[in-house]
Structures are given as C-alpha cells and as structure tokens.
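Take a look at the structure below.
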Amino acid sequence: MTIKLNKEEKVEKLVELFSENYPEPGTALKHKSSFELLIATILSAQTTDVQVNKVTKELFKKYNTPQDLLKLSQKELEKKINSIGLYRNKAKYILKTCRILLDEFKGKVPETRKELLKLSGVGRKTANVVLANAFSKAAFPVDTHVFRVSERLGLSSGKNVDQTEKELTELIPKKYWIDFHHWLIDHGRAICKAQNPDCENCFASHLCRYYQNK
DNA sequence: AACTCGGGGCA
DNA sequence: TGCCCAGAGTT
C-alpha cells in the first residue's frame with residue numbers, strides 16, 4: 001500500500017508522523033544561549049543528545065561563557081566531559097574555540113558560516129546547526145543520517161552533501177528545520193538504519209521511495 | 001584520502 | 001565481546 005505525493009505534500013505528512021512518533025526532538029540543543037548551543041553541538045559529534053545532556057546539564061550550571069570555560073585547564077574540562085566519546089579532542093576544541101571567540105569575536109558567537117568555520121571543532125554540519133538553531137539562518141544541517149534518510153524518503157537526490165543541503169534547504173520550510181533535522185536523525189538511528197533498515201516497523205514506509213523500490 | 005579519537009549501544 | 005557510530009582535525 002503506497003501513496004503518491006509530491007515532495008511538499010510528503011513533507012507535511014512526515015511532519016505529522018514524526019511529531020507523533022518523536023515528540024521531543026533535539027533536547028540537547030533547545031533552550032540554550034548561542035554559546036551553550038555552540039558548545040553542546042561541538043560535543044555532539046559522533047554521539048547522542050542523551051549523552052550530551054548528561055555532560056552539559058552540570059557543566060552549564062557554572063560555566064556558560066567563554067571566560068568561564070577558560071578558567072578550566074584542559075585536564076579539568078576533560079574530566080567533566082569524559083563520559084562521552086572523543087572527549088580529549090572535544091575538550092581541546094572547546095578551549096581553543098573559547099580563546100578564538102574572545103580574541104576575534106568579542107566573546108560572542110559569530111553569525112556567519114565563514115566565521116563559524118574559523119572555530120575549532122566546528123565543521124559544516126555544526127556551523128549549520130548553530131546558524132539554524134540560534135540565528136534562524138543559512139542552510140539545513142546535513143549529517144550521515146540526514147543524508148541517507150532524506151534520500152531514501154525521496155526528499156533529496158543523495159548525490160552529495162552539498163546538493164542534499166541545497167535541496168533540503170529549499171524543500172523544508174524553515175520553521176521545521178530544527179525539528180526535522182532531529183527527526184531524521186532519530187529515525188535514522190531507530191528504524192532507517194544504514195544496514196538492514198527496519199521498514200516493517202516504519203510508520204512512513206507508505207510514502208517512502210526506498211521502500212517502494214525494495 | 002586515510003587515519004584518529006572513544007564511550008556507549010546493540011547484536 | 002566485538003562492531004559501529006548524531007564529525008572534525010591531522011598527516
């Protein structure tokens with residue numbers, strides 16, 4: 001049983017389905033200052049919101065500016081975040097980023113992609129997350145899950161990251177960017193896995209290109 | 001373009 | 001118990 005829809009209609013349907021099945025997307029990034037959002041996003045590489053929340057909840061109680069975090073040595077910061085993976089690198093990136101924020105950006109998180117990419121531990125995905133979440137700007141953030149799941153659903157071509165970013169930026173209404181990003185990630189983990197996607201238990205299979213061509 | 005970081009999730 | 005990973009920097 002499949003339904004034919006154009007992409008825009010499909011997005012609307014998916015918004016309904018995703019919001020029912022994943023009611024609280026992006027818990028690690030919501031209700032944060034642009035600085036806390038930046039740090040939480042750097043920490044989120046190769047791990048989950050749940051893991052990031054464990055660390056940031058305590059960390060941001062006392063340290064919520066670049067000046068605050070720079071009071072910590074790298075070892076001290078490592079100890080505060082060592083329950084998540086890649087913590088040595090992340091501690092190093094974060095302290096370096098705080099230093100750059102103070103030296104070059106007057107302690108404030110910059111609002112352009114070019115400037116964000118000067119920070120340590122910030123690549124195209126992290127830059128887009130910050131721009132979209134904190135400043136409602138720029139492009140839809142694309143990571144491996146977003147790339148794969150949006151291609152399977154037929155929302156993007158799957159050609160490359162540049163093209164996918166462009167396609168989703170045009171297709172997804174801006175008001176849905178933040179939630180949609182997290183929905184695609186949640187879905188990519190739980191059901192639409194890279195290997196052996198669990199299509200039998202997928203609530204969106206009736207409008208999925210991948211499933212139809214299976 | 002390949003390698004590295006890393007604790008947690010899951011088979 | 002081993003395999004894989006919600007990226008980015010380094011070589």
Side-chain angles (χ1 to χ4, degrees), chain A residues 18 21-30 32 36-59 74-75 77-101 109-110 113-134 138-153 155-156 158 160-162 164-165 168 172 176-202:
Chain A
F18 280 142
N21 288 278
Y22 308 117
E24 290 187 21
T27 54
L29 305 182
K30 289 197 169 173
K32 289 186 177 6
E36 292 183 355
L37 176 72
L38 171 66
I39 301 304
T41 308
I42 291 174
L43 287 171
S44 75
Q46 299 291 97
T47 188
T48 64
D49 276 7
V50 176
Q51 298 302 110
V52 172
N53 274 331
K54 283 188 201 168
V55 164
T56 53
K57 197 176 175 190
E58 197 61 31
L59 186 68
Q74 188 169 324
K75 289 284 182 191
L77 182 55
E78 283 177 10
K79 197 172 178 183
K80 290 183 182 299
I81 66 173
N82 66 9
S83 63
I84 64 176
L86 313 181
Y87 64 92
R88 292 191 186 90
N89 279 342
K90 288 172 183 176
K92 184 167 66 180
Y93 297 155
I94 286 170
L95 292 179
K96 190 170 177 185
T97 281
C98 287
R99 177 48 58 196
I100 298 172
L101 287 177
V109 179
R113 178 193 296 222
K114 191 179 174 186
E115 291 172 314
L116 281 165
L117 291 177
K118 291 182 178 178
L119 304 176
S120 183
V122 178
R124 62 179 301 154
K125 185 248 177 180
T126 302
N128 279 357
V129 168
V130 172
L131 288 167
N133 282 273
F140 195 96
V142 175
D143 56 37
T144 55
H145 285 321
V146 172
F147 184 85
R148 181 185 68 256
V149 177
S150 65
E151 189 276 332
R152 283 184 180 161
L153 285 168
L155 302 180
S156 62
N160 55 49
V161 177
D162 273 327
T164 301
E165 189 176 291
L168 293 180
I172 311 295
Y176 297 142
W177 279 6
I178 299 168
D179 287 343
F180 215 93
H181 173 238
H182 289 283
W183 284 331
L184 291 176
I185 290 172
D186 286 345
H187 199 55
R189 282 227 122 191
I191 294 180
C192 198
K193 298 173 287 188
Q195 281 88 27
N196 304 322
D198 193 6
C199 300
E200 294 71 26
N201 290 315
C202 178

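Predicted model only: the values in this text are computed from it and were never measured. So you know, we letter chains A, B, ... as the sequences are listed, proteins then strands, and number each from 1.
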Just to be sure I understand the rule, does [X] reach a base, reach only the sugar-phosphate, or reach nothing, if contact means heavy atoms closer than 4.0 Å?
| X | answer |
| --- | --- |
| L117(A) | nothing |
| D49(A) | base |
| V122(A) | sugar-phosphate |

Among [options], which nucleotide sits nearest the side chain of [X]?
| X | options | answer |
| --- | --- | --- |
| L86(A) | dG9(C), dG9(B), dG6(B) | dG6(B) |
| R88(A) | dG7(C), dG8(B), dG6(B) | dG6(B) |
| Y93(A) | dC5(C), dA8(C), dC5(B) | dA8(C) |

Practice task
In whole angstrom, give me the gap between the P atoms of dT11(C) and dG6(B).
Solution key: 15 Å

In this structure, how many angstroms lie between the [atom2] atom of [N] and the [atom1] atom of [X], rounded?
| X | N | atom1 | atom2 | result |
| --- | --- | --- | --- | --- |
| K125(A) | dG9(C) | NZ | P | 13 Å |
| I84(A) | dG7(C) | CD1 | P | 12 Å |
| N128(A) | dG7(C) | CG | P | 13 Å |
| L43(A) | dG6(B) | CG | C1' | 14 Å |
| I81(A) | dG8(B) | CD1 | P | 13 Å |
| K118(A) | dG9(C) | NZ | C1' | 18 Å |
| Q51(A) | dC5(C) | CD | P | 17 Å |
| L116(A) | dA8(C) | CG | C1' | 15 Å |

Practice task
Taking only the side-chain nitrogens and oxygens of R124(A), find out if one of them lies under 4.0 Å from OP1 or OP2 of dG7(C).
Solution key: no

Exercise for the section: Respond yes when some side-chain nitrogen or oxygen of T144(A) is under 4.0 Å from OP1 or OP2 of dC5(C), and no when none is. Expected result: no

Fill in the blank from the handout: DNA chain B nearest-nucleotide lookup for K193(A) and N89(A): closer to the 5′ end is N89(A)

Problem - Comparing Q46(A) and K54(A) on DNA chain B - which has the more 5′ nearest nucleotide - result: Q46(A)

Problem - Residue mapping more 5' on DNA chain C - nearest nucleotide basis, Q195(A) or A127(A) - result: Q195(A)

Exercise for the section: Kindly compute the distance separating CZ (F140(A)) from CG (L184(A)), expressed to the nearest 0.5 Å. Expected result: 5.5 Å

Handout entry: Pair H187(A)-Y22(A), side-chain donor/acceptor within less than 3.5 Å
Key = yes

Practice task
Using a cut-off of 6.0 Å, state whether more than 12 heavy atoms not belonging to E58(A) lie near its atom CD.
Solution key: no

Exercise for the section: Report, as yes or no, whether the 6.0 Å neighbourhood of atom NZ on K193(A) holds more than 12 heavy atoms from other residues, nucleotides or ligands. Expected result: yes

Handout entry: salt_bridge(K30(A), D49(A)) N-O dist < 4.0 Å
Key = no

